[in-house]
Every structure is written in C-alpha cells, then in structure tokens.
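Computed over heavy atoms, backbone and side chain alike; hydrogens, waters and symmetry mates excluded. Lettering of chains follows the sequences in order, A, B, ..., and the numbering in each one begins at 1.
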Protein chains: 2
Amino acid sequence: MTAPLDASDRRLIEALQDDSRQSLTDLAARIHLGLSATRARLLALEERGVLTGYRTEVDPAALGYTLRAVVRMKVHGALYDKVKSVLDRTPQIVRCLRVTGESCYVLEVVAVDMNDLSAITSELARVGSVTTDLVYETLVDRPVPPRL
Amino acid sequence: MTAPLDASDRRLIEALQDDSRQSLTDLAARIHLGLSATRARLLALEERGVLTGYRTEVDPAALGYTLRAVVRMKVHGALYDKVKSVLDRTPQIVRCLRVTGESCYVLEVVAVDMNDLSAITSELARVGSVTTDLVYETLVDRPVPPRL
DNA sequence: TAGTCTGCCGCAGAATATGCGGCCTAGGTG
DNA sequence: CACCTAGGCCGCATATTCTGCGGCAGACTA
C-alpha cells in the first residue's frame, strides 16, 4: 500500500488476470505503454505484493474429478491442530476458510467419486461436525476486480 | 479425455500451477523434456481443454478489499434469471456455486468495508433469503491436484 | 521385413526480454 | 526566474526464448 494503483496498473492487472502467460510485448500494447515501462510496473507490483503469483486454470473433470462439494464444519476450538493436519494431508481440499457464524470452517473439496468424497468427509468428521453440499455447477469464478 | 495424462503431463501441470509465467525453457528443464516436446504437450493440453487459462493471483488487501464473506442464499426456483442478473452486475461476487441442500447457492464476496458488504448482501436479499459469514482467514487455497 | 505412427530432439530464423542510457515533466529551492 | 532533482517513460543493443520445421528411434502391424 505504499502507493495507490493508477489506471495503467489496473489495466495491467486486468490483462494478467485475463491471460497471465501473454508476453510483455502484448501486455505493453494492451496498456498503451512501452515495453520498459510495462516491465517496471510489473516488477513493482510483484515487489509490493499486489501480484502474488501466476496460476493455471485446470478443468477438474479432465483430471478425473467428477464431484465437487462445499463442506461446512463446526469444531471445538481446542482441535485446531487436528484441523490443520487434515488440511495438510488432503490435497483434494482445494479451499478452506475460517469464518464467523455457526460453521467455523467452510471448505471446498474435489473428489473422483462418491467413495472418495465419503473418505474425505469421514476424515473431516473426526475433528468436527460436518455438513456436505454437492455442487451442481459453478456460476461464477472471477478474479478479484482491481477497482478502488 | 481422449488420452490419459502421463507423468510428464502431470509434472507440466504442477509446474504451471506453481508459476504459469515461467518460460517454456524453464518448464522443459523442470519436466525433463526438450523444448519442442514440452511445447507440444502444453499445446495439446490446451487443445484438449485440460488447461483452461492462466490467471494472476492478486492480494485483495492491496486492492483495498478489507473484507471477505461467504454468503449462502436460498431462492425459489422461478427467480433464477434474477439471480443471474445480480451475479452479472456485481463484480465483488468472485465465486458462486449452485449446490444441493438447504442453501441453493453459496457465494464468496469481497468488499472494501461494511457498507459495501451491506450493499451487496442487500441486493442478494432481494432475490432470496441470505446468510452471511465473514471470513477470518484463508487457510487453504490450492489448485486442483493433478493426480488420478 | 517393410511400412506407418507417435513422440522426441535439435536447429535456424523470428520474436521477446533484459539492462542501461537518455529525455521529459513536475515539484521543490535559492 | 533559473536551476536542480526525482520519477517515469522511451528506445536501443544484446541476450534469451519461441516457432516451425526436418529427422530419428521405438512400437505396432501386416
């Protein structure tokens, strides 16, 4: 937060969210700046921690994951280490948020079939009480919008 | 799904999930294949729809979003178009899943402050009954693991 | 054995990125 | 007002990377 983002920064971020693998040259064209200026801004945004990494979107179905589920989990505070341990050794847990309200944790899980899902939720049920909802479809999956 | 993924494909996917902006040359070194073979596999994975895009991770705090929330929403079926309309015009909704169970939709929202959050949830409340949980922290945010 | 297919390597030319010097402008100072 | 400085941009020369081939080796078939 050392300096506010200007319009060029925002355009750059949007361009990268759209396709993070495009060349610096293309990015430069897209934000109407020269190559050097574009690179300087990119490096600065990384340096300042605004850009934290570049990832690939994968189609889970192509990897054999036919199921996705949202799991809510209620845990007695003392078991936090156990929660952490399950999270660490279960790569099918792709997301876990600690939240206010009834359920202490909201997780998102991918699974190859019902057996797989059952195994994961059973493991989770050992550290808390669990509610599982299957995902029919993903309506929205957007990057954080760079407005301010 | 025309062909199963072999070990090199999986390594390539992992490498790209780790840093999608690295050069083909680096990727090739990492998966122990030549440049051309690496490129051919990358193009094939894109072609087959396994790799669906390349995105940038952004720190929401750096963009001024101090709050994140999980919102569950229960809707009467007939309002589906209205739901879609809200999703389309609210960029702060970064994720929306349609699920089984009590709540028809689970959404994830970013907001700059409580007023902002309030405005978004109010909008959502016009199409269904809404439960909002604030996010304390994100414990896990992983790519889908390329095992099968 | 010969034919064909698949997947890999390596190469040469084209495209991109890197590192630096220099220019311009805004803001501060005597 | 003239001068100075700092920040941000451009453009260039060199280094690195990508692209589009051709060719080779192993597996499978007839």
*asked:* So does B/Asp81 get a backbone contact from the side chain of B/Ser85, meaning a donor-acceptor N/O pair under 3.5 Å?
replied: no

Return the value, rounded to whole Å, for the distance between atom [atom1] of [X] and atom [atom2] of [N].
| X | N | atom1 | atom2 | answer |
| --- | --- | --- | --- | --- |
| B/Arg41 | C/dG7 | CZ | P | 8 Å |
| B/Gln22 | D/dC18 | CD | P | 10 Å |
| A/Leu35 | C/dG19 | CG | P | 12 Å |
| B/Leu12 | C/dG7 | CG | P | 15 Å |
| B/Leu42 | C/dC8 | CG | P | 13 Å |
| B/Arg21 | D/dT17 | CZ | P | 14 Å |
| A/Leu5 | D/dG8 | CG | P | 13 Å |
| B/Glu46 | D/dC18 | CD | P | 13 Å |

With a non-hydrogen cut-off below 4.0 angstrom, is [X] in contact with a base, only sugar-phosphate, or nothing?
| X | answer |
| --- | --- |
| B/Leu33 | sugar-phosphate |
| B/Ser23 | sugar-phosphate |
| A/Ser36 | base |

*Can you tell which of D/dC18, D/dC9, C/dT18 lies closest to the side chain of A/Arg39?*
C/dT18

*Would you tell me whether B/Tyr54 and B/Glu46 have side-chain atoms, one donor and one acceptor, within less than 3.5 Å of each other?*
yes

*Of the options B/Arg142, B/Arg30, B/Arg147, which is the one that meets B/Glu14 in a salt bridge (charged side-chain N to carboxylate O under 4.0 Å, His left out)?*
B/Arg147

